[in-house]
2 protein chains.
Amino acid sequence: MELNEKLFKALANKTRLEILRWLKDPENEIHVPTCVPISEEIKDYGGVCVSDLVNQSGLAQSTVSSYLNLLVEADLLIAVRHGKWTFYRRNEVAIQKLGALIKEEL
Amino acid sequence: MELNEKLFKALANKTRLEILRWLKDPENEIHVPTCVPISEEIKDYGGVCVSDLVNQSGLAQSTVSSYLNLLVEADLLIAVRHGKWTFYRRNEVAIQKLGALIKEEL
DNA sequence: ACATTATATCGTTGTTTTCCGATATGTCAA
DNA sequence: TTGACATATCGGAAAACAACGATATAATGT
């Protein structure tokens, strides 16, 4: 984790910011959840599948998928594949570190 | 100060990030300073003129000027005009607040 | 094996950003 | 008040991004 252009580019988009917020509290924020947690990891750590975020955002599936990939590349999200679903969740450690880095190093 | 697209867009550029770093410690980071502090405010709070940042960055004067304006608009920099110079300095309060907001609200 | 579902990737088009040179504005000094 | 300097603004060309539909890949169920 470092404060580079790539990281801030990932955050420089309304929808991607919304995705991060939705994933903060999916129980309340994801209005029509469809993917049921199917593993202990998902039950423990949470995670939302792509199609739920597609519904929520109103954007095309391909757009959301690439946005999610950008956020993973920036280390802000963690992706876990289970069967045909990929569950995305926040990388809380990295996000806290980001806040600290901005205070110290920006 | 809020975590919106505009703020992160301002940070999503290598040169603008460098400018923020240079302004963190201008004495050491600005290699060829030309603008002498001419007021108590600049002496007290610091601040670097546009032409020094133009030299440092190697970009055109117009580019640097608009980059600085973007950072001011995002509330990350403070601009103070003295005579024919405009001195830019970091908005440390806002930057600390940004770090805190990311930890709490991102 | 085949159809279905979920996600990822590719190619494209319109929009935004980057960065420039030219020019305008503002300030000081002679 | 004219010239020189510092900065800001404008208009444009090239690159990057946003967002889409079409298609590829991957896993599941029959």
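Note on naming: letters A, B, ... go to the chains in the order of the sequence lines (proteins, then strands), and numbering restarts at 1 for each one.
Separating the NZ atom of B/K9 from the P atom of C/dT18 is a distance of 8 Å, rounded to the nearest angstrom. For the pair A/K6 NZ and D/dC17 P, the interatomic distance rounds to 11 Å; values are reported in whole Å. Atom-to-atom, CG of B/N55 to P of D/dT7 comes out at 10 Å; the value is rounded to the nearest Å. For B/F87 and C/dG26, the CZ to C1' distance is 15 Å, given to the nearest whole Å. What separates CG of A/L17 from P of D/dA18 is a distance of 11 Å, to the nearest Å. Atom pair B/D52:CG and D/dC5:P shows a separation of 16 Å (rounding to whole Å applied). Atom CG of B/L77 and atom C1' of D/dA8 are 16 Å apart (whole Å). Remark: P of C/dA6 and CZ of A/R81 are 12 Å apart, rounded to the nearest angstrom.
Taking each heavy atom of A/V64 and A/S57 in turn, the nearest pair found is CG2-OG, 3.5 Å.
When the nucleotides C/dC19, D/dC5, D/dC20 are ranked by their closest atom to the side chain of B/L59, C/dC19 comes out on top. Considering only side-chain atoms of B/A60, the nucleotide from C/dC20, D/dA8, C/dT7 that sits closest is C/dC20. Side chain of A/K84, nearest nucleotide from C/dT7, C/dA6, C/dT27: C/dA6.
Judged by distance alone, the side chain of B/R89 and the main-chain N or O of B/V80 form no donor-acceptor pair under 3.5 Å. Of the possible polar contacts, one joining the A/Q56 side chain to the A/H31 backbone as a donor-acceptor pair under 3.5 Å is found.
OP1 or OP2 of C/dT18 has at least one side-chain nitrogen or oxygen of B/R16 nearer than 4.0 Å. Neither OP1 nor OP2 of D/dA6 sits under 4.0 Å from any side-chain N or O of B/Y88. Look at A/N13 and you'll find a side-chain N or O under 4.0 angstrom from OP1 or OP2 of D/dA18.
Shown here is A/K24, whose NZ atom has more than 12 heavy atoms of other residues, nucleotides or ligands within 6.0 Å. Within 6.0 Å of the CD atom in B/E27, the count of heavy atoms belonging to other residues, nucleotides or ligands does not exceed 12.
When the side chains of ILVMFWY residues are joined at heavy-atom separations under 4.5 Å, either directly or via intervening members, A/I78 and A/L17 end up in two distinct hydrophobic clusters.
Electrostatic pairing of B/E29 and B/R21 does not count as a salt bridge here, judged by no charged N lying under 4.0 Å from a carboxylate O.
With DNA chain C read from its 5' end, the first of the two nearest nucleotides for A/V50 and B/G58 is the one closest to A/V50.
Sorted by residue number, the members of residues 61-71 of chain B with any non-hydrogen atom under 4.0 Å from DNA chain C read B/S62, B/T63, B/Y67.
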